[in-house]
Amino acid sequence: MSIATEISAVPEEKRTQRLKAATHAAHERLDKRIMQANPFTDRESYGRFVTMQYLFHRDLDALFFNQELGALLPDLSGRRRLTFIEQDLADLGIAVPQSMCTPTFTKGDKVALGDSLGWLYVIEGSNLGAAFLLKYAAKLGLDETMGARHLAGAPEGRGLHWRTFTAALDSVELSDGEERAVIDGADAAFARVYDFAELAFSER
Ligand code: HEM
């Protein structure tokens, strides 16, 4: 087989595969930062984790109401988890954090397509790792009905819910510039969550 045939035989990498590779290090760094804070030792520490989640989800909440994005991604508004996080905070007796900083996205604003898709990839993907976190939360007596509602999987299963999302994300037509913006958006989202982790876990 010639080199040219071999190269053309390599299936083209999907956008979500490129996103996963491009953000691997950022995910590792975030994962370490969160787990180093031992968020599952007691409910107080877990409350800090939920506060981080609240700040992150509030930051891009406006995207779940965006009609242009909703036309491209299946059940976008149904994927929103901020309400569950608010209920988890209430279950834990924690007040909803008051506006510590201005959200990155605002309802009604025109959004840049590539950038927003990168942010949504990160927030949706975070629900995959949530399967593990839900198991840790169970040790604190919390579950999908109390305190850990936002970590629950979708009724049809996490895997299928994720694949429906990634298939749609992979098929959106984008210009080269928008394609780069997807990665930049995902990078920005990971950086933002990291900052929220710092904020939530270092406040005493
Ligand atoms: C808010 C914080 C977090 C964000 C934003 C986040 C983001 C993501 C993203 C985007 C993916 C999808 C990767 C892909 O397949 O393309 C993912 C998967 C995953 N995350 Fe996280 N993550 C977070 C916290 C964590 C933590 C704390 C853990 C550690 C237990 C974790 C463990 C995992 C695992 C194991 C997967 C892969 C699951 C699978 O492939 O079935 N994540 N996460």
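All ligand and atom numbering here is 1-based and tracks the order in the structure. In this chain, residues are counted from 1 in sequence order.
Residues that satisfy the side chain to side chain contact (heavy atoms under 4.5 Å, CB included) test with E156, not counting sequence neighbours, are A154, L160, H161. In this structure, R81 has no salt bridge (Lys or Arg N to Asp or Glu O under 4.0 Å) partners at least two apart in sequence or on a different chain. Residues that satisfy the side chain to side chain contact (heavy atoms under 4.5 Å, CB included) test with L72, not counting sequence neighbours, are L113, V172.
Residues F165 and Y121 place their aromatic rings such that the two centres sit no closer than 6.0 Å.
The aromatic rings of Y136 and F40 sit tilted relative to each other, their planes meeting at an angle between 30° and 60°.
The 4.0 Å heavy-atom shell around ligand 1 contains residues K20, H27, L30, D31, I34, M52, Q53, Y121, V122, G125, S126, L128, G129, F132, L133, W162, F190, V193, ordered by chain and number.
Here the rule is side chain to side chain contact (heavy atoms under 4.5 Å, CB included) with D187, and of T23, V122, V182 only T23 fits it.
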